Amino acid sequence: MVCVRSPASATVINAISTGKGSAFGIELYVTANVTILPEKTAKDIESVCKSLDKPDMDTTLMHLCVKKVYEKLIEYPDFNLKNVVVNVETKSDIPPGSGLSSSSAASNSVVYATLLTLLEAEGMSLEDTDITDEDIINMGIDASLECGVTKTGSYDDASASYYGGWKITDNYERKILYDYLVNYHKILIYIPNKSLYTAQSDVKAMKTLSSLVEIAFDNAVNKNIEKALTLNGLLYCAALDLDTQIAIDALKLGAKAAGLSGTGSAYTILLDDTLDVNEIKEKLSKYPGKLIETKPDNTGSVVIS
């Protein structure tokens, strides 16, 4: 068995308007456990996938991730494994439909764990191939695009989840433009009692704000995460007709930045070390939903067994 853990990410710039985005890893995780089922054969590669904490979850993305890995490995003459069933089990701290990159974290963890499992079954390792970190990310992105859970490929989310830290990216070129760290150790995530999914969002409405999102993006490039995250969040709330009040209230209470993550439903709130997190949480508890206290993740996807 191979187990890989990949972090969620919070949005600084949503890439749907312009194709350029920004996100940073946070300490909420998807963990994938992958094994090959013994004494079971298939016509080709097959997968049995399930979420241990969400048994009714659609597992199409997981199946596609396994398929992309297998298609990559059969390019290698030394890889002979055929007619096997891959068993994938995931656990997640990330609420689905929250805009915290649960799909990117899932695809990173499933692709990475599946890759290592299939190589191990053949007595091979990554060093026996020329597969790179970027290849691993791209297999997950290709699966996500085919599955329809992303509009732009979400390279910003995927790279922040895989590598950790704060990434600023060109999503269409799948290129990291800038690589920073987040200088905040206190982060609140507000999650309303409502899930929103990128595939169902109004792309046309979001693209109408592209010139203003460019201003937010310029602030991100210049490492002004406070203005970038807050402005981006206000703009996308306007485009998607979502409430901005919790972000405004958080700013009134002293937060340095507050804004929508992805296309919602979560909001990210950055607090400096002078603020009492419990006091902020108490004052924001009037909003239905939950507040999660977390930190940036600068490590990214890791093999944990």
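Remember, predicted model here, so these are calculated numbers, not experimental data.
Around CD of E134, the count of heavy atoms belonging to other residues, nucleotides or ligands within 6.0 Å exceeds 12. Summarising the local packing, NZ of K20 is surrounded by 12 or fewer heavy atoms from other residues, nucleotides or ligands at distances under 6.0 Å. Within 6.0 Å of atom NZ in K82, 12 or fewer heavy atoms from other residues, nucleotides or ligands are found, so the atom counts as exposed in its surroundings. Surrounding NZ of K207 are more than 12 heavy atoms belonging to other residues, nucleotides or ligands, all under 6.0 Å away. D241 CG: 12 or fewer foreign heavy atoms inside a 6.0 Å radius. Atom CD of E122 has more than 12 heavy atoms from other residues, nucleotides or ligands within 6.0 Å.
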Any chance you could lay out the side-chain contact (heavy atoms from CB on, under 4.5 Å) test for V88 and N33, step after step, and finish with the verdict? CA-CA 6 Å; V88 180; N33 294 290; over 6 Å; no

Go through the steps to decide whether M139 and C65 satisfy the test side-chain contact (heavy atoms from CB on, under 4.5 Å), and finish with yes or no. CA-CA 7 Å; M139 283 187 273; C65 285; over 6 Å; no

Kindly indicate, with the supporting measurements, whether the criterion side-chain contact (heavy atoms from CB on, under 4.5 Å) is fulfilled by N87 and I36. CA-CA 6 Å; N87 186 62; I36 294 177; over 6 Å; no

Show your reasoning for whether side-chain contact (heavy atoms from CB on, under 4.5 Å) applies to T11 and T268. CA-CA 8 Å; T11 300; T268 305; over 6 Å; no

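Taking the six-membered ring where tryptophan is involved, the planes of Y112 and Y162 are tilted, since the angle between them lies from 30° to 60°.
Residues I225 and F24 have side chains in contact (heavy-atom distance under 4.5 Å, counting atoms from C-beta outward). Annotation: side chain of L177 is not in contact with side chain of T169 (no heavy-atom distance under 4.5 Å). Contact check for Q245 versus I248: side-chain heavy atoms found under the 4.5 Å cut-off. C3 has its side chain within reach of T31: a pair of non-hydrogen atoms, C-beta onward, lies under 4.5 Å apart. Counting only heavy atoms from C-beta outward, the side chains of Y70 and D44 approach each other to under 4.5 Å. Side-chain contact between S101 and S161: absent, with no pair of heavy atoms (C-beta onward) separated by less than 4.5 Å. Between Y178 and S22, the closest side-chain pair of non-hydrogen atoms is not below 4.5 Å. Inter-residue side-chain proximity for I269 and I189 is flagged as unmet; no heavy-atom pair is nearer than 4.5 Å.
Nearest heavy-atom pair, V30 versus S109, reported as atom, atom and distance to 0.1 Å: CG1-OG, 3.6 Å. The minimum heavy-atom distance between L251 and A258, with the atom names listed, is CD2-N, 4.0 Å. Of all heavy-atom pairs spanning I45 and V84, the tightest one is CD1-CG2, 3.3 Å. Summarising the geometry of T18 relative to Y172, their closest heavy-atom pair is O-CE1, 4.4 Å, with the distance given to 0.1 Å. Scanning all heavy atoms of the two residues, the minimum distance from S9 to A23 falls at OG-CB, 3.9 Å. The minimum heavy-atom distance linking S107 with S144 is given by the pair OG-OG, 3.9 Å.
Hydrophobic clustering places V86 together with M57 (ILVMFWY residues linked when any side-chain heavy atoms are closer than 4.5 Å, directly or through intermediates). Hydrophobic clustering of Ile, Leu, Val, Met, Phe, Trp and Tyr side chains at less than 4.5 Å, counting indirect connections, keeps V110 apart from L37. Hydrophobic clustering, with ILVMFWY side chains joined whenever heavy atoms are under 4.5 angstrom apart, groups Y287 together with L291. Cluster annotation: L234 and L209 are assigned to distinct hydrophobic clusters (Ile/Leu/Val/Met/Phe/Trp/Tyr, side-chain heavy-atom contacts under 4.5 Å, transitive). Placement of V85 and L64 in two distinct hydrophobic clusters is found when ILVMFWY residues are connected by side-chain heavy-atom separations under 4.5 Å, directly or transitively.
Remark: the backbone N or O of N219 is not paired with any side-chain donor or acceptor of N222 at under 3.5 angstrom.
In this structure, a donor-acceptor pair under 3.5 Å is absent between the side chains of S6 and N108. Defined by atom type and a distance below 3.5 Å, a donor-acceptor pair is missing between the side-chain atoms of N232 and N14.
Look at K286 and D249 and you find a salt bridge, because one of the NZ, NE, NH1 or NH2 atoms lies within 4.0 Å of a carboxylate O, short of that distance. Between K68 and E146, at least one side-chain nitrogen of the basic residue sits less than 4.0 Å from a carboxylate oxygen of the acidic one, meeting the salt-bridge criterion. Here R174 pairs with D142 in a salt bridge; the nearest charged N to carboxylate O distance falls below 4.0 Å. In summary, D272 and K256 engage in a salt bridge, as defined by a charged side-chain N under 4.0 Å from a carboxylate O. Checked for salt-bridge contact, K281 and E293 meet the test: a charged N lies under 4.0 Å from a carboxylate O. K295 has no carboxylate O lying under 4.0 Å from a charged side-chain N of E27, or vice versa, which leaves the two without a salt bridge.
Note: T150 OG1 to I141 CD1 = 8.0 Å, rounded to the nearest 0.5 Å. Once rounded to the nearest 0.5 Å, the distance linking CG of L119 with CG of D78 reads 11.0 Å. Between the OG1 atom of T129 and the CG atom of L115 there is a distance of 6.5 Å, given to the nearest 0.5 Å. Between atom CG of residue N138 and atom NZ of residue K72 there is a gap of 8.5 Å, rounded to the nearest 0.5 Å. Note that OG1 of T132 and CD1 of I137 are 8.0 Å apart. Values are rounded to the nearest 0.5 Å. Of the inter-residue distances, the one linking I191 atom CD1 with I94 atom CD1 reads 9.5 Å to the nearest 0.5 angstrom.
For W166 and Y180, the ring centers sit closer than 6.0 Å to each other.
The cationic group of R5 lies under 6.0 Å from the six-membered ring centre of Y29 and within 45° of the ring axis, placing it in a cation-pi geometry.
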